[in-house]
2 protein chains.
Amino acid sequence: MNDRAQSGNNLDPWFHHYAERAAGLRASEVRALFAVASRPEVVSLAGGMPFVSALPRDLIQGAMDDVMRTEGPVALQYGSGQGVPKLREQILEVMALEGIRANADDVVVTTGSQHALELVSKLFLDPGDIVISEGPSYVTAMVIFRSYQADIDHVPMDEHGLIPEALREHIARLKAAGRTIKFLYTIPSFHNPAGVTLSWERRVEILQIARDNDILVLEDNPYGLLYFDQPAPDAMRSVEEDGVIYLGTFSKTLAPGFRTGWALAPHAIREKLVLANEAAVLSPSSFSQLVISKYLETADWKGQIDTFRGVYRERKEAMLSALGEYLPELTWTNPNGGFYVWLTLPEPLDSKAMLPRAVKELVAYTPGTAFYGDGGGHQNIRLSFCYPTPEQIRLGIRRLSNVLRGELELLDTFAGTGSLTSVRNSTRFSLPPTDLN
Amino acid sequence: MNDRAQSGNNLDPWFHHYAERAAGLRASEVRALFAVASRPEVVSLAGGMPFVSALPRDLIQGAMDDVMRTEGPVALQYGSGQGVPKLREQILEVMALEGIRANADDVVVTTGSQHALELVSKLFLDPGDIVISEGPSYVTAMVIFRSYQADIDHVPMDEHGLIPEALREHIARLKAAGRTIKFLYTIPSFHNPAGVTLSWERRVEILQIARDNDILVLEDNPYGLLYFDQPAPDAMRSVEEDGVIYLGTFSKTLAPGFRTGWALAPHAIREKLVLANEAAVLSPSSFSQLVISKYLETADWKGQIDTFRGVYRERKEAMLSALGEYLPELTWTNPNGGFYVWLTLPEPLDSKAMLPRAVKELVAYTPGTAFYGDGGGHQNIRLSFCYPTPEQIRLGIRRLSNVLRGELELLDTFAGTGSLTSVRNSTRFSLPPTDLN
């Protein structure tokens with residue numbers, strides 16, 4: 001033991017050496033659940049893993065063989081920090097499905113869209129800056145924002161997504177308090193975790209609010225093409241070119257194992273993004289990019305997305321039907337795409353406190369608290385229908401209803417309050433009010 | 001045009017929105033050269049691309065097929081933020097070749113070792129912190145350190161690597177000035193760009209200096225296994241477990257296209273590294289990891305490293321022999337491994353100013369200025385022998401000698417000074433003196 005150990009934390013001799021920003025890095029509840037959810041007897045409604053078994057594995061393998069045979073030395077080598085030009089052209093075709101017109105020169109390929117989020121945050125966030133996001137919001141985006149010492153301000157949603165009037169109020173309050181708002185982070189289509197979609201009228205209105213207030217919009221759209229009945233409205237980037245950084249990914253329409261996503265950014269920001277990408281990873285994987293490019297060239301990738309839509313639609317219906325059967329007194333969102341349903345519990349219940357009992361009953365979910373940066377979400381649960389089969393979903397919801405009833409009985413016994421039947425069923429999406437922290 | 005454009009930079013309406021740290025992100029000279037070097041008529045002695053054509057492509061393709069057939073859904077899915085357990089065990093075998101004993105639980109797989117550098121920097125560097133490194137040092141490491149607003153302090157080397165006495169002096173001076181030294185970043189074996197190797201005695205001595213001064217050592221070892229005659233001394237991590245973060249990669253012993261490297265860190269730091277990795281990319285590519293794991297399991301990977309050694313040894317000899325023939329008056333390092341020779345020019349010449357003429361003469365190199373954070377290196381050139389064939393290397397050096405002679409004639413004409421023959425040939429490695437900036 002040396003001086004270092006005595007002056008620091010007992011378990012970590014380097015405790016006092018970390019950067020200030022490292023204090024914000026802590027294990028998220030979603031991550032901690034991965035270990036639990038991997039036990040085969042547990043029905044996991046927690047993770048956001050796409051159902052990759054629905055992929056045409058022979059076609060992907062064919063693409064790999066083709067790449068290795070014809071472009072092996074390129075696939076195995078370093079590439080450019082911006083990504084393979086041909087793939088960037090193909091990405092334009094993918095984005096065109098949501099109304100986006102762009103130049104391949106403004107696309108930056110990243111190690112999943114997660115890394116685009118990281119790079120944009122590194123480029124823009126100073127300590128004390130504000131990121132506005134929906135409340136709730138994507139957990140690992142918030143982990144990144146916090147890791148750059150930004151504060152997150154949650155603006156509430158309803159069934160049509162982020163509420164423009166609330167956004168205006170929050171911006172005014174933040175500006176009055178002298179805060180610097182760096183961007184609005186939004187998942188407009190099939191929101192994670194809320195499952196709602198921002199209407200077209202609101203997209204246009206919110207872009208105008210951002211423009212009026214000189215706020216950059218970070219549009220995260222992993223699920224946009226995975227709609228069930230109606231396509232989502234066109235991307236916000238289809239309306240506004242100069243004020244939107246758009247993030248896309250192949251993780252949901254193809255496979256996360258390749259870690260390939262992208263950012264489409266205004267030209268000057270794109271230049272900085274490429275530099276940040278090079279500093280972080282030199283170049284995204286050439287091999288992954290070439291295989292995806294070959295897959296897009298040779299396979300019916302739009303047909304494959306249709307297949308995914310069918311799989312996820314069936315699973316969502318199984319989940320909603322099981323909720324209707326086993327938990328008719330509760331409220332939940334009815335997503336028209338994506339991976340998630342957002343469940344609201346009766347007031348006395350606490351989704352985070354209840355989780356250990358749920359795992360004991362062999363069902364896992366993500367407590368709503370994971371999706372708030374300000375302590376909210378105790379009354380909510382995110383349920384994922386992307387990975388388990390319809391039968392598993394049904395079983396999982398049945399187990400969840402037992403857990404809920406057990407918890408309420410316990411509360412009744414000790415406090416004489418709370419009963420599932422006291423809660424109205426409603427299709428209205430409601431969130432606890434959020435305030436600035 | 002809106003208000004934003006008028007208040008910002010003419011070319012970038014978001015100019016005033018970037019984080020302070022983004023100011024440190026600028027295009028490195030090495031990166032800018034990539035475009036030039038890719039023209040087929042130019043002999044590039046600039047890039048650090050491994051010669052992947054020497055790889056057994058059928059074996060790699062076999063590993064891919066095997067993975068897709070037997071573990072397809074795992075390879076295509078998200079993985080853990082720490083990396084595939086089996087690969088982490090195999091990484092222990094790789095590191096054992098350089099005397100390292102460790103636990104797979106302390107290995108974190110990253111998107112190339114570049115990303116490990118990024119993550120460690122994000123965890124440790126506050127604005128104004130000092131990173132001590134050799135002078136010269138790896139350019140993209142310095143880009144990262146600067147991107148977290150750290151200052152780089154270069155300690156000189158000689159032919160046995162970093163000079164311990166100079167390190168002591170620098171630390172004392174920095175401490176007296178009230179600076180916080182976060183880590184010593186070092187490439188002890190077959191240094192990039194200097195080509196020298198830190199002797200065993202100095203490794204032990206430098207670790208003791210670090211321990212005495214409570215400074216973490218960041219040991220970057222991409223080239224260690226690529227020795228020519230004698231293996232490099234054992235890794236610094238083989239001596240010291242608690243004070244060293246060791247970085248390794250498959251980019252040089254296998255292929256960079258998979259973007260797979262790793263960090264071996266003291267346990268508490270490892271925990272934070274996993275969280276930072278998850279925040280940045282969720283998980284490193286499952287596919288890349290499984291393919292590398294299968295390759296290590298089924299192929300003669302040590303024999304393949306021997307093949308690489310033979311290729312690079314031949315190329316280094318071609319380079320040194322061409323230097324002896326065409327530029328006998330100059331000095332250069334004689335590396336016993338790795339990818340690089342470090343050339344010292346006669347005083348009136350400026351490697352950076354001379355580069356456009358070199359490219360006109362169809363030879364590219366990296367000017368020494370790229371490898372200093374403090375404006376040094378004008379008298380130096382990094383020559384890479386890893387990628388071009390021996391014939392191309394010979395041609396490249398001949399062209400370079402023409403460029404040098406042309407520059408000196410020009411200087412003679414206008415100033416009457418400078419002549420190649422006035423410079424002594426010497427095997428002694430010398431660098432311009434470095435001072436704190």
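Every chain is numbered from 1 and lettered A, B, ... according to where its sequence line falls, protein lines coming before strand lines. As the structure is a computational prediction, the values presented were derived from the model and not from experiment.
For chain A, the option among B:Q289, B:K272, B:H267 with the highest count of heavy-atom pairs below 4.5 Å is B:K272. Contact tally against chain B (heavy-atom pairs below 4.5 Å) for A:P266, A:A279, A:S53: the top residue is A:A279. Counting heavy-atom pairs closer than 4.5 Å to chain A, the top-ranked of the candidates B:F124, B:F287, B:F51, B:F258 is B:F124. Chain A forms the most heavy-atom pairs under 4.5 Å with one residue out of B:I60, B:L123, B:I144, B:T111, and that residue is B:L123. When the candidates A:E271, A:H115, A:Q114 are compared by the number of heavy-atom contacts under 4.5 Å with chain B, A:Q114 comes out ahead. The greatest number of non-hydrogen atom pairs below 4.5 Å with chain A, out of B:M64, B:R69, B:K122, is found for B:K122. Considering only heavy-atom pairs separated by less than 4.5 Å from chain B, the leading option among A:A116, A:P284, A:P127, A:A268 is A:A268. For the set A:A280, A:P73, A:A255, A:S286, the entry with the most heavy-atom pairs within less than 4.5 Å of chain B is A:A280.
With rounding to the nearest 0.5 angstrom, the CE atom of A:M49 is 9.0 Å from the OG atom of A:S384. Interatomic distance, B:I181 CD1 to A:H17 NE2, rounded to the nearest 0.5 Å: 11.0 Å.
Judged purely by distance below 3.5 Å, without hydrogens or angles, the side chains of B:D212 and B:Q208 pair a donor atom with an acceptor atom.
Side chain of B:E71 to backbone of B:V74: no donor-acceptor contact under 3.5 angstrom is found. Formation of a donor-acceptor pair under 3.5 Å by the A:R270 side chain with backbone atoms of A:V108 is not found in this model.
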Pair A:Y387-B:Q77, side-chain contact (heavy atoms from CB on, under 4.5 Å): steps then yes or no = CA-CA 11 Å; A:Y387 197 73; B:Q77 193 54 269; 3.7 Å; yes

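Contact of A:E118 with chain B is made through the side chain alone, with heavy-atom distances under 4.5 Å. Only the backbone of B:A75 comes within contact range of chain A, with at least one heavy atom under 4.5 Å from a heavy atom of that chain. Contact of A:L55 with chain B is made through the side chain alone, with heavy-atom distances under 4.5 Å. Contacts of B:S121 with chain A are made by backbone atoms alone, with heavy-atom separations under 4.5 Å and no side-chain atom involved.
Scanning all heavy atoms of the two residues, the minimum distance from B:I269 to B:A265 falls at CG2-CB, 4.1 Å.
Residues forming a ring pair (Phe, Tyr, Trp, His ring centres under 6.0 Å) with A:F145 (at least two apart in sequence, or on another chain): A:F183, A:Y185.
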